[in-house]
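So that the names make sense, note that chain A is the first sequence line, chain B the second, and so on, each numbered from 1.
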2 protein chains.
Amino acid sequence: MFNTKSSIRENNSILVLSEIINRPEVSRAMISELIGLNKATVSAIVKQLIEDKYVIEIGPGESTSTGGRRPILLTLNKKAGISISFDVRHDRISCLITYLDGEKIEHTIEEKNMNKDNTVESIASIVEDTRDSMGHCPFGIIGITISIHGIVDHNKIEFTPYFDLDQIDLVGELETRLDLPVHIENEANLTALAEAAFDNEHCSLVSFSAHTGVGAGIILDGKLHRGHKGRSGEVGHTVLYPNGISCPCGNQGCLEQYCSTTAIVRRFRELKHNDQLTFQDLVASYHLKDSDTLNMILQFAKDFGIGLMNVIGNFDPEVVYINSEVLDEIPELISFLQNYLSMTIYKNVLIRQSRLGKKASLYGATVVNLQSYLHVDNVEFSLNMEKVLAG
Amino acid sequence: MFNTKSSIRENNSILVLSEIINRPEVSRAMISELIGLNKATVSAIVKQLIEDKYVIEIGPGESTSTGGRRPILLTLNKKAGISISFDVRHDRISCLITYLDGEKIEHTIEEKNMNKDNTVESIASIVEDTRDSMGHCPFGIIGITISIHGIVDHNKIEFTPYFDLDQIDLVGELETRLDLPVHIENEANLTALAEAAFDNEHCSLVSFSAHTGVGAGIILDGKLHRGHKGRSGEVGHTVLYPNGISCPCGNQGCLEQYCSTTAIVRRFRELKHNDQLTFQDLVASYHLKDSDTLNMILQFAKDFGIGLMNVIGNFDPEVVYINSEVLDEIPELISFLQNYLSMTIYKNVLIRQSRLGKKASLYGATVVNLQSYLHVDNVEFSLNMEKVLAG
DNA sequence: ATAAGTTAGTTGATTCAACTAACGAACTAT
DNA sequence: ATAGTTCGTTAGTTGAATCAACTAACTTAT
């Protein structure tokens, strides 16, 4: 709904800022070329962005071979504010503090049982400590985003398995105490946002996460698709085997019972008749080329492939990023899946392994903070990939 | 990407026109209230729309109980142009000619074998006859849209089962011959557009069609979601039963082998050991309360429910419209499905039977013609429901 | 019947943002 | 030195939305 004059400026400002964020250094002239706005208009917008501390000039660039005045290079004033991300699970809380380009300031993981009584205090004290210890910067803390393993709808927790976090008004309590914008989002959705922020080539992608549960995050036209009730991509409880294994959700044969790390460990235990075996034991058994284990992994791969194909059949994305410990530990699986998909009608869909691993949702949360602060809802801008992957 | 001054006017013109299309009669003052534009701006835009023949004044309306000048009611100049829609199947071609509000001018169905050699001629001659016989109107024929049973990507047929239409450049040949805008689109997608055009309450919906094949059309935020290669919603070849019935697509256990009308007829034939039985025989057997038939239908319903749930699990729409002869003939099935879904985590999703039946894709094609002519890609405006349902 | 109040739509002045064209600054190649 | 090129700014123009004040046309109370 762009209908006023000022909204046009706002919109164009975001376009200009996106270009500055996306490229490490860029000139006014280049921006004008890239987005088709007049040089004079770009100059005016950049002037405002510099005044508002979003952008800084970093000196002259190289002139072209044909001569001419050297450009003045611009870059995001990444230290103008900081973003804080949390990932809260039943058994741990991790926190990532970054500058505006995603460069890591601090990353902490604390193993402890999280519940409705200690979560607000844990998060708020970290934020307050950060606020106290950080030097002055123009925007301060731009926002807090919390990754939740569960169903989130309109910034409200609908359901968390494994713990009771769904019983409190997490956002409300934190916003009251901290007086900062607080967002919560489903972990798979955040992982998808992170993948999208690191992939400038594709604007429609699926991020398929399989850990204790299975979920997909969906990015369509550069935007996160949450669904009507925040449940889009909750594919863990779509049915893979009608009349199959019973699932705590009440149904039978849910995908989660076949493709999660939990599921493959359970099968491994059944196979070896030993309830104490862990995922590490499974990996060890695989490396010893135990034939029963290999067969089990093959069956897992087939089920995983069907699960993947079914998601692709629904969304028809350009690329699918898979985030799973099982694939990380058993590298052949990715090419098995690529082969499987190449035999279907979805041979053109790219299947890739996530490069972000367990920190994906934290970086996704950073993206949410940025999007919210800049009032954009698409991932046209990216985090600084080198900085993030280095950290 | 709205960044010029004229685009703001263009955008606001579409907003105003959408309001005029959506409501049978509306005044300038009401439009100003509805979309928040200044009265003066609305007046200027409406003046242009009237000049360009999109809109006509239809006289004064009632003044309110508190008095005041009576409004001048506006309405879409529906007879300013006509839309032509085709539905081409291997054994029939149907054509729908309408005014701009969807009001039927003519609807014809011809049973004949369609193929790559006669399709262009069949379509072109109908269009040429229409052009010759119609009186003068400002826009003339605004466009041709053809519903295709198969995969369509970027206005190109990728694959048609049952016949060889995928071997010609249908759009190119018709555009050359007719010198009119020609569009093609997958049947399930068009059905979804039609459902969306008739449903002003929900902006995210899935239309689930099960006939010879199974497919879904997806509307997200009022826009058709086609996917990267036009295959979004091609759920007929997602897997319902791993290692299940072999499918011509090369895979096993595809949804289409369980939920299509073809599939239930095949099962009925197997059940009765009679290859000649038809869908009508099945319906008759159901009305006779044949217990084997009832059990078979129950199994069909369960499979259908799982298929439906899996699509919902991916997209999380507000409402699902089902278009299937089986449901039309066996009315209890819809409540069975509603019950089934109400026991899952998707209890809030509305499950509805399509009110459009076999003409759905033709009306969807009309929507495409309108969207294309008006340069919009959302279904913020609707067809005139009473007129369409009456026809 | 008249006056007061209300709503619809138009007009003219103003504001805002993008555009154009021209220019100075700063460079390269000859 | 000079011509050509590119970057960024400046001054003036244009298009579109806004606001305030207006006319038009109606209802209701007196």
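Protein atom CG of B:Leu15 is 15 Å distant from nucleotide atom C1' of D:dA16, rounded to whole Å. Between the CD1 atom of B:Ile72 and the P atom of D:dA25 there is a distance of 9 Å, given to the nearest Å. Rounded to whole angstrom, the span from the CG atom of B:Leu73 across to the P atom of C:dA8 amounts to 11 Å. For the pair A:Leu74 CG and D:dT9 C1', the computed distance is 14 Å after rounding to whole Å. Taking atom CD1 on B:Ile45 and atom C1' on D:dG15, their separation rounds to 13 Å, with Å as the unit. In this structure, CD1 of A:Ile8 is placed 10 Å from P of D:dA16, rounded to the nearest angstrom. If you measure from atom CD1 of B:Ile35 to atom P of D:dA17, you get 10 Å, rounded to the nearest angstrom.
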Using the 3.5 Å cut-off, write out each protein N or O paired with an N or O of nucleotides 11-16 of chain C and the distance between them.
unit_1, atom_1, unit_2, atom_2, d
C:dT15, O2, A:Lys5, NZ, 2.7

Which pairs, protein N/O on one side and nucleotides 21-24 of chain D N/O on the other, fall under 3.5 Å?
none

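Between A:Tyr54 and A:Tyr373, the ring planes lie tilted relative to each other; the angle falls in the 30° to 60° range.
Regarding contacts with the backbone of C:dG9, a side-chain N or O of B:Ser27 is found under 4.0 angstrom from either OP1 or OP2. Here A:Arg28 reaches the OP1 or OP2 of D:dT9: one of its side-chain N or O atoms lies under 4.0 Å away. Distances shorter than 4.0 Å separate some side-chain N or O of B:Arg70 from OP1 or OP2 on D:dC26. When the side-chain nitrogen and oxygen atoms of B:Thr41 are compared with OP1 and OP2 of D:dT18, one or more of them lie within a distance under 4.0 Å. When the side-chain nitrogen and oxygen atoms of B:Asn12 are compared with OP1 and OP2 of D:dA16, none of them lie within a distance under 4.0 Å.
Remark: B:Thr366 pairs with B:Ser85 by the side-chain hydrogen bond (donor to acceptor under 3.5 Å, both in side chains) rule, at least two apart or across chains. Residues satisfying the salt bridge (Lys or Arg N to Asp or Glu O under 4.0 Å) criterion with A:Glu57, sequence neighbours excluded, are A:Arg28. In this structure B:Arg23 satisfies the side-chain hydrogen bond (donor to acceptor under 3.5 Å, both in side chains) test together with B:Glu19, sequence neighbours excluded. Applying the salt bridge (Lys or Arg N to Asp or Glu O under 4.0 Å) test to A:Arg70 and every residue at least two apart in sequence or in another chain returns nothing.
Considering only heavy atoms from C-beta on, A:Leu37 stays 4.5 Å or farther from A:Ile31 through its side chain.
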How far apart are the C-alpha atoms of A:Glu25 and A:Leu74, what are their side-chain angles, what is the distance that settles it, and do they pass the side-chain contact (heavy atoms from CB on, under 4.5 Å) test?
CA-CA 6 Å; A:Glu25 28 190 55; A:Leu74 303 166; over 6 Å; no
Working for side chain to side chain donor-acceptor pair (under 3.5 Å), residues B:Asp316 and A:Ser232:
CA-CA 5 Å; B:Asp316 186 23; A:Ser232 177; over 6 Å; no
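For B:Glu318 and A:Lys229, the salt-bridge test fails: no basic side-chain N is under 4.0 Å from an acidic carboxylate O.
Remark on DNA chain C: of its neighbouring residues A:Pro60 and B:Pro71, the 5'-side contact belongs to B:Pro71, judged by nearest-heavy-atom nucleotide.
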